[in-house]
Number of protein chains: 2
Amino acid sequence: MSTKEKILDVAERLFADHGFASTSLRDITAEADVNLAAVNYHFGSKIDLLKAVFARRFGPVNAERLERLDALEDPDTEQVLRAFFAPLFKRLREPGSGWAKFMQLVGSTHSDTNDEIRACMLEQIRVIAARFTETLAATLPELPPDVFSSRVHFVVGAMAHTFAFCRHKDMPLVHQLPEPDAILENLVDFAVAGMTAPVGNVVAPG
Amino acid sequence: MSTKEKILDVAERLFADHGFASTSLRDITAEADVNLAAVNYHFGSKIDLLKAVFARRFGPVNAERLERLDALEDPDTEQVLRAFFAPLFKRLREPGSGWAKFMQLVGSTHSDTNDEIRACMLEQIRVIAARFTETLAATLPELPPDVFSSRVHFVVGAMAHTFAFCRHKDMPLVHQLPEPDAILENLVDFAVAGMTAPVGNVVAPG
DNA sequence: GTCTATACGAAGATAGAC
DNA sequence: GTCTATCTTCGTATAGAC
């Protein structure tokens, strides 16, 4: 395995387990058994290494997402959501492939307050998110735009938190977490019900 | 204002805006116009400063949450969720009080991969979360335990992401975000629908 | 009791030798 | 391509002023 690939693999795992800011380049290069300066040579900087970690995996996932979305004719809310979630979830079935760690990293990065760090992931999903948001909105034509926006936020949050912690041990309050395929079904059930919920009391703006 | 309070205020804001790891004690003490060593004197360490930031605000919020929960007799799903969310949301109505920044910090810390950082917040809500999870489960007796667990994760994720980003400008995909009170109503509608959704296809474990 | 000045080791980044 | 040396900034610790 090349130095570059060794760094990518170890960085992905350590970023996911301890967070980007809390992981030092010395941790990565020591565990990958390469020289400290190799990171700067191959990737330029720590933040560019993070970008490379995201770019490597999002390519095939996003391609499959678009394929699934384009294959739908007159899609409903569930089909759109499933087309977005399934391509990532199905890769969890390959143990040892690193996809579980990657998903964990995606989830935590999605909620990172640091704009520069979050941008490394957002630049990978910006185009695809726009396509899916647009198509999803079309399945809910009667929903007020501000309610739709709020609910998309809620779905994104539910997804991100699930990605980040669905396999985490330190969850004393919520036990008995099911298998990846079952989590996907639970997430789709939940998100469809949330997106299509009746609109309750309207609060006047201002 | 005392040195201790100045440090707490500035730390809360900078941790919320840039993340805990990306904020240096020198950033904090420079903006608070106090000496660097004052942090170590008053709080002991950077992580203990974070704990103090959480402890200051969670006290009154959690007390009100328990009051509202105890006041309910034979509560339904919506009432339990509202008793948890409302005490924090209502404080957003006081502009300049720092509660919006605190909420942002709570949301991002909830999704932090670093166990030590997340523990600073979890220790503040552990007892209360157990009470609410237990009461919430009682309102959904027919829901399979693993589905309930998944859905609680989803609600927590929706909440955390909303806290962290509901006032953020860098959200090009989702516009027209409503006012705090409307976000609370939207969140309650969404979470109630998600928690009470019919259980779809059951996936065999393993 | 409070606060300040200052020093130490470790971190990320980078220039230049090989 | 790879590695050493070095720069700046970080969290932390300590001695002492008020």
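Residue numbering restarts at 1 for every chain, and letters A, B, ... go by the order of the sequence lines. As the structure is a prediction and not an experimental result, all values here were calculated from the model.
Within the 4.0 angstrom heavy-atom criterion, base atoms lie near B:Ala37. Residue B:Thr29 is classed as having no contact, given no heavy-atom separation below 4.0 Å to the nucleic acid.
The 12-atom threshold is exceeded at CD of A:Glu123, counting heavy atoms of other residues, nucleotides or ligands nearer than 6.0 Å.
A:Phe190 does not carry B:Arg151 over the face of its six-membered ring by the limits of under 6.0 Å from the centre and within 45° of the normal.
Between the NE2 atom of B:His42 and the C1' atom of D:dT12 there is a distance of 16 Å, given to the nearest Å. Taking atom CD1 of A:Ile28 as the reference point, atom P of C:dA11 lies 12 Å away to the nearest angstrom. Across the protein-nucleic acid pair, B:Arg26 atom CZ and C:dA11 atom P stand 15 Å apart, rounded to whole Å. Rounded to an integer number of Å, the gap from B:Leu36 CG to D:dT14 P is 15 Å.
The nucleotide whose nearest atom lies closest to any side-chain atom of A:Leu25 is, among C:dG12, D:dT2, D:dC10, C:dG12. Here the nucleotide nearest the side chain of A:Lys46, chosen from D:dG11, D:dT2, C:dG12, is C:dG12. Taking only side-chain atoms of A:Asn40, from C-beta outward, the nucleotide of C:dA13, D:dT12, D:dT2 with the closest atom is C:dA13. Here the nucleotide nearest the side chain of A:Thr3, chosen from D:dT12, D:dT2, C:dG12, is D:dT2.
Ion pairing between a basic and an acidic side chain is recognised when a charged N comes within 4.0 Å of a carboxylate O; B:Arg93 and B:Asp181 show such pairing. We find that B:Asp9 and B:Arg56 are joined by a salt bridge, their nearest charged nitrogen and carboxylate oxygen being less than 4.0 Å apart.
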